[in-house]
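Computed from heavy atoms alone, side chains included, the values below leave out hydrogens, waters and symmetry copies. Note that the coordinates shown come from a computational prediction; the quantities given were computed from them, not determined experimentally.
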Amino acid sequence: MATTTDSAQPSAISAPDARFLTPSRFPYRTIAMGTIGTTLLMLAALGAGGILIRDPVLGHGPLSWIRYGHGRALANALLYLGFALVVWAWVRLGRYVLAGRIGSKPILIAALCWMAPLLVSPPLFTRDVFSYLGQGAQLLYGLDPYANGPAELDVLPNVVQNVHPLWQTTPAPYGPLFLLISKGIVSITQDNMIAGVILTRVVLLVGLGMTLWALPRLVKHLGGKLPVALWLAVASPMMVIHLFGGPHNDLMMLGFLTTGVLAALERKYIVAVVLVTIGMLIKPTAAVALPFLVWMWAANMTGESKVKNFFKAGAASVGLFLPVFVAGTWLSLGSLNLGWWSGLAAPQLIANWLNFPTGIGEAVYNLVHLVANVQASPFVTVARAIAMLGLAAFGIRQWWLAREGGAKAVYRAAITLLAVAILMPPTLPWYLTWGFVLISAFPWGRRNLSAVVAVSVFVTLVYYPTGEQALYDWWFIAIVVVVSLYAAASLLRPDPLGLIAAWRRPREEKFLPAAPAAPAASPASQD
C-alpha cells in the first residue's frame with residue numbers, strides 16, 4: 001500500500017492505450033462481460049462445482065452427463081472461461097477507476113450484477129457451506145457441534161452426506177452466533193440442500209450490506225478513494241467468487257468488523273466494541289481488532305495521563321466485551337458452552353504450502369528426506385510453532401505502534417489481520433479479505449493495486465472448483481502464476497503482450513479494402 005494516491009489522468013496514457021481504453025459514459029459492456037462470466041460459472045458449477053451427492057436438479061436425467069467424463073471436462077472448461085471473463089471485466093473496471101473515468105456507482109452495479117447469477121449457483125471453489133448446514137442441524141436437533149461432527153446426526157441424510165469427509169467428525173470452528181444462524185436456516189430448509197445454500201447466501205448479504213454502508217464513511221476517515229475501495233473490496237474475485245459464490249461466513253463477520261471500526265473512528269466506542277464482539281461470535285478472527293479499539297478509545301480521552309486513559313479504555317472495553325460475549329454465547333447455545341475455543345484447532349488439520357510456515361516445514365522435510373527416511377509432521381509442527389511466536393511478536397509490535405489511535409490504529413489492525421491469515425494455520429484464500437476490506441479504504445498506488453490483482457487471481461484459482469486444493473498440481477499452479485501475472489500487468493497496460501492487437505491486425509488486413517495507390521508528386525510540390 002502506498003501512502004499517496006497516484007494520479008491517473010487520461011493524459012498520462014499513451015494515444016493507442018487511451019483509444020483502446022475509452023469506454024462509454026457507463027461501462028455497459030464491461031458489466032455485461034462479468035455478468036456473462038458469472039452466469040457461465042453458475043451453469044458450469046452444476047457439473048464442476050460443489051455438486052451434491054444426490055442432485056435433484058440433474059440426478060440421472062438427460063443432463064446428468066455434465067457431471068461425468070467428457071461432460072465434466074466440458075463443465076470445467078466453461079467454468080474457467082467464465083472465471084476469465086470475470087477477471088477480464090474486473091481488470092477493465094480497474095483501468096477505468098485508475099483513469100478517473102467512472103465513479104463508485106458503476107462499480108457497485110457491476111459487483112451486484114456479477115453476484116446475481118451466483119445466488120442460485122452450486123458452491124464454488126469450496127464445500128464449506130455444507131459444513132455450515134451440518135453444524136446448524138446438530139444444534140437444531142440438540143447436539144453439541146463443538147463436541148462432535150455432523151456424522152453423529154441420524155436425521156437429514158442429505159445434509160450429513162454432503163459434508164466433506166474431513167469435517168464429518170470434526171467439531172465446529174465457528175462462533176456460536178453463526179451456528180445459531182445456521183440452525184435457523186436448517187429449521188427452514190431441513191434436508192433441502194439447494195434451498196439451504198441459497199438461503200445461506202441471502203442471509204450473508206446482511207454482511208455485504210453492512211460493508212457497503214461502512215465503506216464510504218471509512219474512506220472519508222482513512223483518506224482513500226471510494227471507487228478504488230469498492231473495486232478492491234466488493235467487485236474483486238475474492239468477494240464475488242469466494243465470499244459470495246462460496247459462500248463463506250467471513251462475509252458476515254466482515255460486516256460487523258467494518259461497521260465496528262467505523263464506529264470507533266466516529267468516536268462511538270461502546271458501539272464499536274459491541275459490534276466487533278458480535279463479529280467475533282460469528283468468526284473468532286474479528287477479536288484481533290479489539291485491542292486496537294482500546295488505543296483508539298484511549299487516544300481521545302482528555303484530562304488524564306495516557307497511561308490512565310489506556311487503563312480506563314481497557315477496563316471499559318473488557319466491561320463491554322464480557323457481557324456481550326456471555327449473552328451471545330448463552331443465547332446461541334442455551335448455555336455458556338466454551339467448547340468452541342477448542343474447535344478453533346480443527347482447521348489446523350489442513351496442511352498446504354499456501355500457509356507460509358507449513359510450506360517452509362514441507363520444504364525442509366523434502367530436503368532432509370533426500371538423505372533420511374523421516375516423517376513430515378515434526379518439521380511442519382516446528383515451523384508452525386516458530387511462526388506463531390513470530391506472529392505474536394509482530395502483532396504486539398503493531399498494537400504498540402497503534403497507540404496514537406485514529407487511522408493509524410486501523411491500518412495496524414488491518415495488516416495484523418493479514419499476518420494472521422498468512423502465518424496462522426491454515427491459510428485459506430478467502431482469509432485475505434479480513435485485512436483487504438479495511439486496507440481498501442486507504443490511499444493506494446497503481447503498482448500496489450496491480451499486485452493485489454495478481455494475489456486475488458492467484459488465491460482464487462489455487463483451489464479446484466470442487467473445493468479440493470490444487471496446490472500440489474505443479475503444472476496447474478505454473479499456469480495460475482502466469483495468468484495472475486498477466487492479469488496484474490493488464491491493469492497498468494491493456495494487452496501487455498500484444499495478443500489482442502496481433503489477433504485484430506490480421507482480421508483488419510483481411511477485411512479492409514486495399515488502399516489506392518498514391519498519385520505521383522508533381523514537380524511543383526517538391527522541395
- Task: With rounding to the nearest 0.5 Å, note down the distance linking CZ in F325 to CG in L281.
- Result: 6.5 Å
- Query: Could you give the distance from OG1 (T433) to CD1 (I439), rounded to the nearest 0.5 Å?
  - Reply: 11.5 Å
- Task: Decide whether H164 and E468 meet the rule of one side-chain donor and one side-chain acceptor closer than 3.5 Å.
- Result: yes
- Item | Under the side chain to side chain donor-acceptor pair (under 3.5 Å) test, residues paired with Y80 that sit two or more places apart | none
- Query: Taking the side chain from R127 and the backbone from I51, do they hold a donor-acceptor pair closer than 3.5 Å?
  - Reply: yes
- Item | Close side-chain approach of L218 and V261, heavy atoms under 4.5 Å | yes
- Query: Should the ring pair Y411 and F442 be called parallel, tilted or perpendicular, given that the plane angle runs from 0 to 90° and is split at 30 and 60?
  - Reply: perpendicular
- Checking N337 side chain against T329 main chain: does a donor-acceptor pair fall under 3.5 Å? no
- Are the side chain of Q168 and the backbone of V163 linked by a donor-acceptor contact shorter than 3.5 Å? yes
- Message: Return the CD to CG distance between Q398 and L417, rounded to the nearest 0.5 Å.
- Response: 11.0 Å
Listing, residues 132-143 side-chain donor-acceptor contacts under 3.5 Å, not counting sequence neighbours, or none:
from : atom 1 : to   : atom 2 : distance (Å)
Y132 : OH     : N249 : N      : 3.0
Y132 : OH     : N249 : OD1    : 3.4
Q138 : NE2    : N148 : O      : 2.9
Q138 : NE2    : G149 : O      : 3.1
Q138 : NE2    : E152 : OE2    : 2.9
Y141 : OH     : Q190 : OE1    : 3.0

- Message: So F83 and I241, do their side chains get closer than 4.5 Å, heavy atoms only?
- Response: yes
- Applying side chain to side chain donor-acceptor pair (under 3.5 Å), name anything that partners N76, two or more places apart in sequence or on another chain. none
- Item | Validation row, ring centre W90 to ring centre W114 under 6.0 Å | no
- Check the angle between the aromatic planes of W444 and F436 and answer parallel, tilted or perpendicular using the 30° and 60° thresholds. tilted
- Message: Can you list everything that forms a ring-ring contact (aromatic ring centres under 6.0 Å, His included) with Y68? Sequence neighbours excluded, please.
- Response: none
- Message: Return the CG to CG distance between L212 and L230, rounded to the nearest 0.5 Å.
- Response: 7.0 Å
- Using modelled atom types only, decide if a donor and an acceptor are shared between the side chain of S450 and the backbone of A488 within a distance under 3.5 Å. yes
- Message: Rounded at 0.5 Å granularity, tell me how far CG in L262 sits from OG1 in T211.
- Response: 11.0 Å
- Query: Could you walk me through whether F379 and V368 pass the side chain to side chain contact (heavy atoms under 4.5 Å, CB included) check?
  - Reply: CA-CA 10 Å; F379 296 91; V368 174; 3.8 Å; yes
- Contacts of D250 that satisfy salt bridge (Lys or Arg N to Asp or Glu O under 4.0 Å) - sequence neighbours left out: K283
- Note on the structure: Applying ring-ring contact (aromatic ring centres under 6.0 Å, His included) to F356 and not counting sequence neighbours gives none
- Item | Non-neighbouring partners of N162 that pass side chain to side chain donor-acceptor pair (under 3.5 Å), sequence neighbours left out | none
- Specify the closest pair of heavy atoms between P122 and G50, including all atoms of both residues, with the distance to one decimal. CB-O, 4.2 Å
- Message: With side chain to side chain contact (heavy atoms under 4.5 Å, CB included) as the criterion, how do M424 and R384 come out once you've worked through the C-alpha distance, each side chain's angles and the decisive distance to 0.1 Å?
- Response: CA-CA 8 Å; M424 185 90 171; R384 285 181 170 184; over 6 Å; no
- Message: Donor-acceptor check, side chain of R201 to backbone of L119, threshold 3.5 angstrom: yes or no?
- Response: yes
- Results of side chain to side chain donor-acceptor pair (under 3.5 Å) for Q348 - residues two or more places apart only: none
- Task: Given side chain to side chain contact (heavy atoms under 4.5 Å, CB included), test F178 with M253 step by step and report yes or no.
- Result: CA-CA 9 Å; F178 184 73; M253 183 270 286; over 6 Å; no
- Message: So, using ring-ring contact (aromatic ring centres under 6.0 Å, His included) as the criterion, who are the partners of F256 when residues are at least two apart?
- Response: none
- Among V203, I198, V129, V197, the one residue meeting side chain to side chain contact (heavy atoms under 4.5 Å, CB included) with I185: V203
- Query: Can you tell me if Y464 uses its side chain to pair, donor with acceptor, with the backbone of G49 under 3.5 Å?
  - Reply: no
- Task: Check whether any side-chain heavy atom of V228 lies under 4.5 Å from a side-chain heavy atom of L449, and answer yes or no.
- Result: yes
- Query: How far apart are the closest heavy atoms of S332 and P176, and which atoms are they?
  - Reply: CB-O, 3.2 Å
- Task: Please check if the side chain of T358 supplies one atom and the backbone of L354 the other of a donor-acceptor pair under 3.5 Å.
- Result: no
- Residue pair F130, M193: steps toward the side chain to side chain contact (heavy atoms under 4.5 Å, CB included) verdict: CA-CA 8 Å; F130 299 150; M193 293 298 291; 3.3 Å; yes
- Message: So R67 and D55, do their side chains get closer than 4.5 Å, heavy atoms only?
- Response: yes
- Go through the structure and list residues passing salt bridge (Lys or Arg N to Asp or Glu O under 4.0 Å) with K408, not counting sequence neighbours. E404
- What are the two closest heavy atoms between A387 and L423, and how far apart are they? CB-O, 4.2 Å
- Query: Between S121 (side chain) and L118 (backbone), is there a donor-acceptor pair under 3.5 Å?
  - Reply: no
- With a cut-off of 6.0 Å (strictly less than), are more than 12 heavy atoms of other residues, nucleotides or ligands near CH2 of W474? yes
- Message: So does V437 get a backbone contact from the side chain of S440, meaning a donor-acceptor N/O pair under 3.5 Å?
- Response: yes
- Query: Is there a side-chain contact between L79 and L124 (heavy atoms, below 4.5 Å)?
  - Reply: yes
- Hey, could you give me the CE/CG distance between M280 and L275, rounded to the nearest 0.5 Å? 14.5 Å
- Strictly under 6.0 Å, is that where the ring centroids of Y431 and W434 end up? yes
- Return the minimal non-hydrogen interatomic distance between G435 and L418, and the atom names on each side. CA-CG, 3.9 Å
- Query: Do the non-hydrogen side-chain atoms of I181 and M252 ever get within less than 4.5 Å of each other?
  - Reply: yes
- Counterpart residues, ring-ring contact (aromatic ring centres under 6.0 Å, His included), relative to W430 (two or more places apart): H242, H248
Going by atom type alone, with no hydrogens or angles, which donor-acceptor pairs under 3.5 Å involve a side-chain atom of residues 454-463 and a protein atom two or more places apart or on another chain?
from : atom 1 : to   : atom 2 : distance (Å)
S456 : OG     : V452 : O      : 2.8
T460 : OG1    : S456 : O      : 2.6
Y463 : OH     : N352 : ND2    : 3.4

- All heavy atoms of R72 vs all of T466, minimum pair found to be NH2-CG2, 3.1 Å
- Could you check if a side-chain atom of F125 sits within less than 4.5 angstrom of a side-chain atom of Q469, using non-hydrogen atoms only? no
- Query: Would you find a donor on one side and an acceptor on the other, under 3.5 Å apart, between the side chain of R403 and the backbone of W400?
  - Reply: yes
- In terms of heavy-atom contacts, V87 and P237 come closest through CG2-CG, 4.2 Å
